[in-house]
Amino acid sequence: MPRILIIDDEKAIRHTLKEILEYESYQVDQAEDGPTGLDMLIRDKYDVVLCDIKMPKMDGIEVLERARIVAPDAAFIMVSAHGNVEMAVDATKKGAYDFLQKPPDLNRLLVTVRNALDRTKLVTETKTLKKKIAKSSEMVGDSAALGAVRKAIEKVAPTDARVLITGPNGAGKEMVARQLHEQSNRASGPMVEVNCAAIPSELIESELFGHEKGSFTSAVKQRIGKFEQADGGTLFLDEIGDMSLSAQAKVLRALQENKITRVGGEKEISVNVRVLAATNKDLLQEIADKNFREDLYHRLSVILIQVPALNDRREDIPALIEKFLQDIANDYGNKAKKVDAAALKYLQSLDWRGNIRELRNVVERLVIMSDATITEADARAFAGK
């Protein structure tokens with residue numbers, strides 16, 4: 001049930017608002033002044049705060065400023081009988097969600113509260129999603145091979161240098177790209193990912209650079225491409241070895257000039273994008289075979305990071321299994337299963353051609369098919385080797 005706090009020195013106003021909001025099935029608490037309200041915000045979590053501006057001891061604007069520190073996720077709706085445009089603008093600049101005149105119109109009040117609750121829910125979901133993404137891009141293991149990758153990321157991430165990430169499928173190239181973005185000065189900007197292998201060659205240019213309405217048969221409206229979407233952030237070109245030669249030429253121009261032109265358009269659009277690329281192919285061989293542009297390769301490979309195959313860092317397998325067991329338990333809402341030493345030893349001995357992705361799938365299969373503790377017999381029966 002959503003929780004709402006009313007901070008107002010007028011008892012009649014507090015009681016009226018409380019009755020209206022409780023009728024709408026909200027849980028409502030009251031505070032007769034600013035200091036009391038702040039104490040309640042420190043002790044408990046509230047989704048929305050209705051706060052008067054003119055109060056003794058501490059006015060509503062000061063309450064708002066202090067609440068931004070102790071309860072940053074609560075949506076503040078400021079209420080005043082003496083409000084004006086300047087006061088509303090000032091409150092909004094200091095973090096208020098909205099501003100209502102006293103006595104508030106009933107319908108306006110309820111709509112504002114519902115919208116504020118939606119905003120609070122979105123903020124919470126966004127934070128949860130960011131935590132999940134950060135956790136999913138966590139690099140697990142203490143092997144020397146992984147340590148070298150971490151060290152390279154630490155040195156390269158704060159720069160705007162382009163990075164080419166190489167390694168077999170399923171080894172964790174996307175995790176390296178995410179770490180580079182999250183540890184960079186662009187972390188607050190977007191990270192836009194493009195899987196070049198999953199997009200047909202005739203559509204890749206539209207996907208990357210966008211298109212103008214009517215530029216081809218199915219272009220019924222203007223479309224913004226990935227380069228523009230990533231402006232101010234990072235563009236990750238996964239499996240770039242599968243990109244068509246014509247698209248490679250346009251990417252090269254974009255990297256040289258920091259400008260793009262939409263398909264069917266004539267206007268040049270400036271973009272501020274850091275490009276990371278990844279491939280499981282030997283690009284030098286692709287260059288020799290005339291499948292990849294050598295000039296683009298040199299543009300992309302300012303820094304090269306080689307992600308090791310799982311078979312080259314078997315000592316990390318127990319830690320990876322523990323992480324996957326916990327992640328799967330969280331996804332299923334269950335308690336994490338245990339795995340005995342013999343099962344771990346057996347799993348470490350296997351050939352993991354599918355790398356981390358394959359290991360994760362096997363662990364999920366073992367969780368589903370095994371009892372509370374995963375044994376060596378379970379691993380032999382269900383690992384699929």
Side-chain angles (χ1 to χ4, degrees), residues 1-135 187-188 190 330 333:
M1 185 184 296
R3 298 192 67 188
I4 298 175
L5 175 63
I6 300 169
I7 306 175
D8 199 307
D9 61 317
E10 296 184 54
K11 187 174 182 180
I13 292 287
R14 293 201 310 271
H15 285 184
T16 300
L17 292 174
K18 180 178 171 68
E19 286 182 3
I20 292 169
L21 295 169
E22 285 183 337
Y23 184 78
E24 297 293 319
S25 300
Y26 298 129
Q27 183 179 338
V28 183
D29 292 330
Q30 304 175 60
E32 67 274 12
D33 55 46
T36 304
L38 279 173
D39 287 342
M40 294 174 73
L41 284 166
I42 292 170
R43 291 196 310 269
D44 297 307
K45 184 179 183 302
Y46 292 94
D47 301 294
V48 174
V49 179
L50 290 165
C51 184
D52 188 19
I53 290 183
K54 298 291 184 181
M55 293 185 293
K57 297 185 181 180
M58 184 186 296
D59 68 32
I61 296 297
E62 187 177 353
V63 174
L64 171 63
E65 290 174 330
R66 295 193 183 188
R68 294 299 85 197
I69 300 171
V70 299
D73 294 340
F76 260 70
I77 300 172
M78 309 306 293
V79 186
S80 178
H82 314 286
N84 52 43
V85 174
E86 290 76 13
M87 186 179 288
V89 170
D90 183 49
T92 303
K93 284 182 177 178
K94 290 178 178 175
Y97 174 75
D98 207 344
F99 183 95
L100 298 177
Q101 289 273 9
K102 277 186 181 181
D105 174 79
L106 176 59
N107 290 329
R108 170 80 194 281
L109 170 68
L110 295 177
V111 168
T112 301
V113 168
R114 279 195 292 269
N115 290 342
L117 286 168
D118 287 342
R119 174 259 186 197
T120 302
K121 183 180 178 182
L122 284 172
V123 168
T124 303
E125 289 176 348
T126 300
K127 286 188 174 182
T128 302
L129 184 58
K130 283 184 176 180
K131 286 179 182 177
K132 284 185 177 179
I133 291 172
K135 193 171 183 180
S188 60
N330 292 340

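Please read these numbers as outputs of a predicted model, since none were measured by experiment.
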> Once you round to the nearest 0.5 Å, how far does CD1 of Ile13 lie from NZ of Lys18?
Replying inline: 15.5 Å
>> Using modelled atom types and a 3.5 Å cut-off, is there a donor and acceptor pairing between side-chain atoms of Arg3 and backbone atoms of Gln27?
In response: no
>> Closer than 4.0 angstrom, basic N to acidic O: yes or no for Asp98 and Arg108?
In response: yes
> Just by distance, do the side chain of Lys94 and the backbone of Ile61 share a donor-acceptor pair under 3.5 Å?
Replying inline: no
> So, for Pro35 and Met58, which heavy atoms are closest and what is the spacing to 0.1 Å?
Replying inline: CD-CB, 3.9 Å
> Between atom CD1 of Ile7 and atom CD of Gln30, what is the distance when rounded to the nearest 0.5 Å?
Replying inline: 11.5 Å
>> Exactly one of Leu21, Val28, Leu5 should register a side chain to side chain contact (heavy atoms under 4.5 Å, CB included) with Leu50. Which one does?
In response: Leu21
> What is the minimum heavy-atom distance between Cys51 and Met55, and which atoms define it?
Replying inline: SG-CE, 4.1 Å
>> For Lys57, is there an ion pair with Asp59 - N to carboxylate O distance below 4.0 angstrom?
In response: no
>> Let me confirm one number: the NZ-CG distance from Lys11 to Asp9, rounded to the nearest 0.5 Å.
In response: 13.0 Å
>> As an exercise, state the distance from OG1 of Thr120 to OH of Tyr46, rounded to the nearest 0.5 Å.
In response: 14.0 Å
> Can Asp47 and Tyr26 be counted as having a side-chain donor-acceptor contact under 3.5 angstrom?
Replying inline: no
> If you round to the nearest 0.5 Å, how far is CE of Met78 from CG of Leu64?
Replying inline: 5.0 Å
>> Any salt bridge linking Lys102 with Asp52? Criterion: basic side-chain nitrogen under 4.0 Å from a carboxylate oxygen.
In response: yes
